[in-house]
Amino acid sequence: MEKPDNKIAQSVYDMIISTLKSKDYVFLQPENLKVAFQIETDDTPIVFSVVIDAERRLIRMIAGYSITFPQERRVDGAIATCSTNCNLVAGGFDFDYETGSVVFRISASFAGSIISPDVFLYMVHRAYSACALYDKKLDLLAKGELSLAEYLYLFEDD
């Protein structure tokens, strides 16, 4: 891989910061090509962490709120996240079997291309939509308030 071009990465990062400002998002003090912000929902805020990876020429975004499956429900968590990911257009949920944690992740490459605010806002929208639709249900499954069968029924064709 070629040497990272920090000027391009900084340009992408600057675009993200200006886009967040233009949309009146409140974000934590940005640093080292990283920024975090959240979007309020009726239930729990969705927290976004964005990292510009200069070496790989990627925008990496992780979103969600703290969902952790206890040890006895981790197989259900793995099955549920895999089933959910089969129904997503972009991005996907990552399930860490060791810790039981679930987050949504999405990325976009800026190798040989220019990333516009529209691309970044698309990533935010996709992450927000997936989290808004599935986070609460995954959390109920993790807490044992929803069975795996009930969760998987969400994906049944009528």
Side-chain angles (χ1 to χ4, degrees), residues 4 9 12-13 15-17 19-21 23-111 115-155:
V12 170
Y13 181 72
M15 176 276 299
I16 289 171
I17 297 301
T19 301
L20 290 172
K21 286 179 180 177
K23 299 295 182 183
D24 295 325
Y25 285 108
V26 176
F27 51 90
L28 297 178
Q29 183 62 39
E31 61 178 64
N32 292 339
L33 304 178
K34 299 176 186 175
V35 66
F37 63 99
Q38 70 182 30
I39 297 175
E40 297 296 326
T41 68
D42 291 338
D43 296 319
T44 306
I46 299 171
V47 178
F48 295 78
S49 175
V50 181
V51 175
I52 306 305
D53 185 334
E55 184 177 336
R56 291 178 184 85
R57 299 182 184 120
L58 288 174
I59 300 171
R60 295 184 311 187
M61 180 183 294
I62 295 184
Y65 67 86
S66 183
I67 299 171
T68 304
F69 281 80
Q71 185 69 42
E72 66 275 9
R73 291 192 183 84
R74 290 192 183 159
V75 170
D76 288 355
I79 292 168
T81 53
C82 287
S83 296
T84 305
N85 288 343
C86 290
N87 292 281
L88 296 174
V89 174
F93 285 92
D94 284 339
F95 179 73
D96 183 332
Y97 193 83
E98 291 294 315
T99 65
S101 67
V102 178
V103 295
F104 183 83
R105 51 104 188 113
I106 188 169
S107 60
S109 174
F110 56 86
I115 298 290
S116 71
D118 289 338
V119 170
F120 175 68
L121 291 173
Y122 172 79
M123 292 174 68
V124 171
H125 176 73
R126 294 302 324 146
Y128 174 84
S129 296
C131 290
L133 188 58
Y134 297 110
D135 273 4
K136 185 66 175 173
K137 293 173 183 90
L138 285 167
D139 194 38
L140 290 173
L141 179 63
K143 292 175 180 173
E145 297 173 21
L146 186 70
S147 71
L148 180 60
E150 291 169 317
Y151 185 86
L152 295 177
Y153 184 74
L154 296 170
F155 307 111

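Note that the coordinates shown come from a computational prediction; the quantities given were computed from them, not determined experimentally.
Arg56 places no side-chain N or O within donor-acceptor distance of the main-chain N or O of Ala111, the cut-off being under 3.5 Å.
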Step-by-step side-chain contact (heavy atoms from CB on, under 4.5 Å) determination, Val50 to Phe27: CA-CA 11 Å; Val50 181; Phe27 51 90; over 6 Å; no
side-chain contact (heavy atoms from CB on, under 4.5 Å) between Ile59 and Ile115: does it pass, once the steps are laid out? CA-CA 9 Å; Ile59 300 171; Ile115 298 290; 3.7 Å; yes
Could you check Tyr151 against Ile79 for side-chain contact (heavy atoms from CB on, under 4.5 Å), going step by step and ending with a plain yes or no? CA-CA 10 Å; Tyr151 185 86; Ile79 292 168; over 6 Å; no
Checking Tyr25 against Thr19 for the side-chain contact (heavy atoms from CB on, under 4.5 Å) test, could you report, in this order, the C-alpha distance in whole Å, the side-chain angles of both residues, the deciding distance, and whether it holds? CA-CA 9 Å; Tyr25 285 108; Thr19 301; over 6 Å; no
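Contacts of Phe120 classified as ring-ring contact (aromatic ring centres under 6.0 Å, His included), with partners at least two apart in sequence or in another chain: none. With sequence neighbours excluded, the residues satisfying side chain to side chain contact (heavy atoms under 4.5 Å, CB included) with Lys34 are Val51.
The minimum heavy-atom distance linking Arg74 with Gly100 is given by the pair NE-CA, 3.4 Å. Nearest heavy atoms, Asp135 versus Gly64: OD2-CA, 3.4 Å. Shown here for Pro70 and Ala142, the closest heavy-atom pair between the two residues is CD-O, 3.2 Å. Nearest approach of Leu88 to Ala130, heavy atoms of both residues: CD2-CB, 4.2 Å. The two residues Leu141 and Leu148 make their nearest non-hydrogen contact at CD1-N, 3.6 Å. Closest non-hydrogen pair, Ala90 versus Arg126, comes out as CB-CG, 4.4 Å.
Between Arg60 atom CZ and Asp53 atom CG the span is 4.5 Å, to the nearest 0.5 Å. To the nearest 0.5 Å, the span separating CG on Leu33 from CD1 on Ile17 amounts to 9.5 Å. Distance check: Thr84 OG1 to Leu138 CG gives 5.0 Å after rounding to the nearest 0.5 Å. Between atom SG of residue Cys131 and atom CZ of residue Phe93 there is a gap of 5.0 Å, rounded to the nearest 0.5 Å. Taking OH from Tyr134 and CD1 from Ile67, the interatomic distance works out to 13.0 Å, rounded to the nearest 0.5 Å.
Separation of the Phe95 and Phe69 ring centroids falls under the 6.0 Å cut-off.
The side-chain heavy atoms of Met61 and Val124, taken from C-beta on, include a pair separated by under 4.5 Å. Using a 4.5 Å heavy-atom cutoff, the side chains of Lys23 and Leu121 are in contact. With a 4.5 Å cut-off on side-chain heavy atoms, Phe48 and Val35 do not count as touching.
At most 12 heavy atoms of other shown residues, nucleotides or ligands fall within 6.0 angstrom of atom CD in Glu31.
The side-chain contact (heavy atoms from CB on, under 4.5 Å) test with Asp94 is passed by exactly one of Val102, Thr81, Ile62, Val103: Val103. Each of Lys143, Lys136, Lys137 was evaluated against Asp139; a single residue qualifies, Lys143, per the side chain to side chain donor-acceptor pair (under 3.5 Å) test.
Tyr128 and Thr41 share no side-chain donor-acceptor pair at under 3.5 Å.
Residues in residues 49-68 take part in no ring-ring contact (aromatic ring centres under 6.0 Å, His included) pair, two or more places apart or across chains.
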